[in-house]
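Here is how names work: the chains are called A, B, and so on, in the same order as the sequence lines, proteins then strands, and each is numbered from 1.
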Amino acid sequence: MPELPEVEGVVRELAPASKGRTISEVKVSEVIRSSKELGKEAIVKGKTLEDFIEELSDMTIIDVTRRSKYIYFHLEKAGQPHLLVSHLGMSGAWFVVNSLDEVVERKFKNHIHVIFTMDDGGMLVYSDIRRFGELRLLGKEEDYSPLLKMAPEPFSREAIDHFLAMASTPKYARKPIKEVIMDGHIISGCGNIYATEALFKMKIHPNRTTERISEKRKRELFNVIVNVLQESIDAGGSSISDYRNINGEAGTMQTRLKMYGKKVCSHCGSSTKSMKIAGRTSVYCPKCQR
DNA sequence: AGCAGCGTCCGGCCGC
DNA sequence: TGCGGCCGGACGCTG
């Protein structure tokens with residue numbers, strides 16, 4: 001389940017492997033083709049496959065960056081800039097290989113959906129088991145308005161004030177804190193894993209109403225979220241279920257998690273509890289978190 | 001106008 | 001071993 005730290009890891013590896021290369025060929029799986037024929041929008045969004053393939057052909061990759069949980073491929077063709085936005089959804093993964101045989105894990109190999117062959121013979125391979133990911137080719141970021149509505153990057157100076165201001169609005173003040181910190185319009189890139197960890201560290205019950213947390217505690221919570229995200233980036237991300245980096249390797253953050261997926265509280269030994277908040281499973285310690 | 005609730009994209013995995 | 005149901009980021013649509 002890729003969240004911000006996992007996406008950051010992918011971008012750090014994709015950038016040096018693809019910068020300056022030109023896409024010479026684009027291949028799309030039969031599964032995507034038949035999905036499109038049925039009028040669905042699996043993975044390739046907002047464009048016909050014909051346009052997607054035609055437009056991407058001969059584009060040069062200028063840079064690869066991250067914005068929240070999105071990967072931005074900055075592209076150029078005939079002097080015009082373009083932007084390919086990639087979201088990994090639940091199970092998306094990029095691999096950089098010279099041959100598809102290098103994608104060794106069967107579940108990734110069996111679900112390869114898009115292949116960009118580059119002018120140096122290398123291939124950018126997108127695999128997605130559940131097909132919740134997306135690839136959206138734009139002229140620029142402004143062409144897809146949801147990208148403009150994302151919260152600032154959590155590591156940016158303005159992120160904490162944005163969080164505090166949004167958390168105080170009537171709409172969000174009455175919601176459970178976990179729902180608020182997992183909302184990408186409030187904080188960018190904090191998904192279930194890191195929200196669970198941060199709330200456990202802060203000893204805050206995930207269902208506590210946001211307005212029942214003091215300004216001081218909300219500031220501390222924000223800083224804990226940022227620290228957990230940074231710790232995970234440094235550990236190469238959490239390899240929970242389907243996340244792999246582009247070499248097919250797993251990160252080690254999952255061994256450092258204290259609450260996500262746990263049956264027993266690592267602090268007091270109590271059995272953890274689980275409840276649904278905004279439709280997502282939320283694990284917590286009923287004794288430590290109030 | 002803005003928001004809550006639901007549909008959409010799916011296969012892996014779990015429990016019976 | 002077979003199979004139905006559950007799970008989930010984040011947007012779009014509807015009422």
Side-chain angles (χ1 to χ4, degrees), chain A residues 1-8 10 28-49 52 66-72 85-94 105-114 126-138 141-151 154 166-167 169-176 178-196 206 209-210 225 229 237-244 250 260-261 263 274-283:
Chain A
M1 204 185 330
E3 297 183 24
L4 184 150
E6 293 74 34
V7 177
E8 178 66 23
V10 170
V28 175
S29 71
E30 274 310 312
V31 169
I32 298 287
R33 289 184 184 281
S34 41
S35 140
K36 281 282 198 180
E37 278 166 21
L38 291 169
K40 297 180 188 175
E41 286 255 282
I43 300 179
V44 177
K45 313 284 188 186
K47 257 189 208 309
T48 65
L49 286 183
F52 181 78
R66 181 188 59 71
R67 175 73 176 92
S68 186
K69 299 180 200 170
Y70 289 89
I71 300 165
Y72 282 11
V85 176
S86 163
H87 195 292
L88 302 176
M90 298 301 300
S91 55
W94 283 97
E105 268 188 279
R106 170 147 263 117
K107 62 178 176 174
F108 289 98
K109 195 184 179 77
N110 285 349
H111 297 279
I112 290 173
H113 291 300
V114 180
Y126 182 70
S127 165
D128 195 336
I129 298 164
R130 293 184 205 176
R131 292 178 237 162
F132 271 37
E134 81 177 59
L135 288 172
R136 191 181 292 273
L137 180 58
L138 306 169
E141 195 178 34
E142 290 74 13
D143 296 344
Y144 184 56
S145 63
L147 300 176
L148 305 178
K149 294 175 183 147
M150 291 187 285
M166 294 291 275
T169 60
K171 175 180 170 181
Y172 291 105
R174 301 193 182 107
K175 289 179 189 284
K178 180 155 178 284
E179 181 174 350
V180 172
I181 63 177
M182 285 180 64
D183 187 319
H185 304 104
I186 314 296
I187 297 177
S188 272
C190 180
N192 204 0
I193 299 172
Y194 302 111
T196 297
T209 306
T210 300
I225 290 168
L229 291 172
S238 300
S239 293
I240 303 286
S241 67
D242 295 329
Y243 170 70
R244 296 294 182 281
Y260 183 85
K263 294 269 185 282
S274 174
M275 66 188 296
K276 289 272 183 189
I277 297 172
R280 285 135 193 183
T281 304
S282 302
V283 185

Distance check, rounded to the nearest 0.5 Å: Tyr260(A) atom OH versus Thr281(A) atom OG1? 8.0 Å
Report yes if some heavy atom in the side chain of Val28(A) is under 4.5 Å from a heavy atom in the side chain of His113(A); otherwise report no. no
Where along nucleotides 2-10 of chain B does protein come under 4.0 Å, by heavy atom, of base (B) or sugar-phosphate alone (S), with - for untouched nucleotides? -SS----BB
Decide side-chain contact (heavy atoms from CB on, under 4.5 Å) for Ile129(A) and Met90(A); before the verdict, give the C-alpha distance in whole Å, the side-chain angles of both, and the deciding distance to 0.1 Å. CA-CA 8 Å; Ile129(A) 298 164; Met90(A) 298 301 300; over 6 Å; no
Determine, stepwise, if the pair Tyr72(A) / Glu141(A) fulfils side-chain contact (heavy atoms from CB on, under 4.5 Å). CA-CA 9 Å; Tyr72(A) 282 11; Glu141(A) 195 178 34; 2.6 Å; yes
Using the side-chain contact (heavy atoms from CB on, under 4.5 Å) rule, take Tyr194(A) and Ser238(A) through it: C-alpha gap first, then chi angles, then the decisive distance, then the call. CA-CA 10 Å; Tyr194(A) 302 111; Ser238(A) 300; 2.8 Å; yes
Will you find, in the side chains of Tyr144(A) and Arg136(A), an N or O donor that is under 3.5 Å from an N or O acceptor? yes
Consider only side-chain N and O atoms of Lys175(A) and Thr210(A), and report whether a donor and an acceptor are under 3.5 Å apart. no
Please work out if Gly279(A) contacts a base, only the sugar-phosphate, or nothing of the nucleic acid, heavy-atom cut-off 4.0 Å. sugar-phosphate
Below 4.0 Å from chain A heavy atoms, what is the first contacting nucleotide of DNA chain C and what is the last? dC7(C) to dG12(C)
Under 4.0 Å, heavy atoms only, any strand: does Tyr144(A) hit a base, just the sugar-phosphate, or nothing? sugar-phosphate
Find the bend of the helix from dC3(B)-dG15(C) to dC16(B)-dG2(C) as the angle between its two terminal axes (five pairs each), to the nearest 10°. 50°
Could you check Tyr70(A) against Glu134(A) for side-chain hydrogen bond (donor to acceptor under 3.5 Å, both in side chains), going step by step and ending with a plain yes or no? CA-CA 9 Å; Tyr70(A) 289 89; Glu134(A) 81 177 59; 5.0 Å; no
Backbone N/O of Asp143(A) and side chain of Ser145(A): donor-acceptor pair under 3.5 Å: no
What does Lys276(A) touch in the nucleic acid at a heavy-atom separation under 4.0 angstrom: a base, only the sugar-phosphate, or nothing? sugar-phosphate
d(Glu3(A) CD, Ser188(A) OG) to nearest 0.5 Å is 12.5 Å
Select from Arg136(A) and Arg280(A) the residue whose nearest nucleotide in DNA chain C is closer to the 5' end of that strand. Arg280(A)
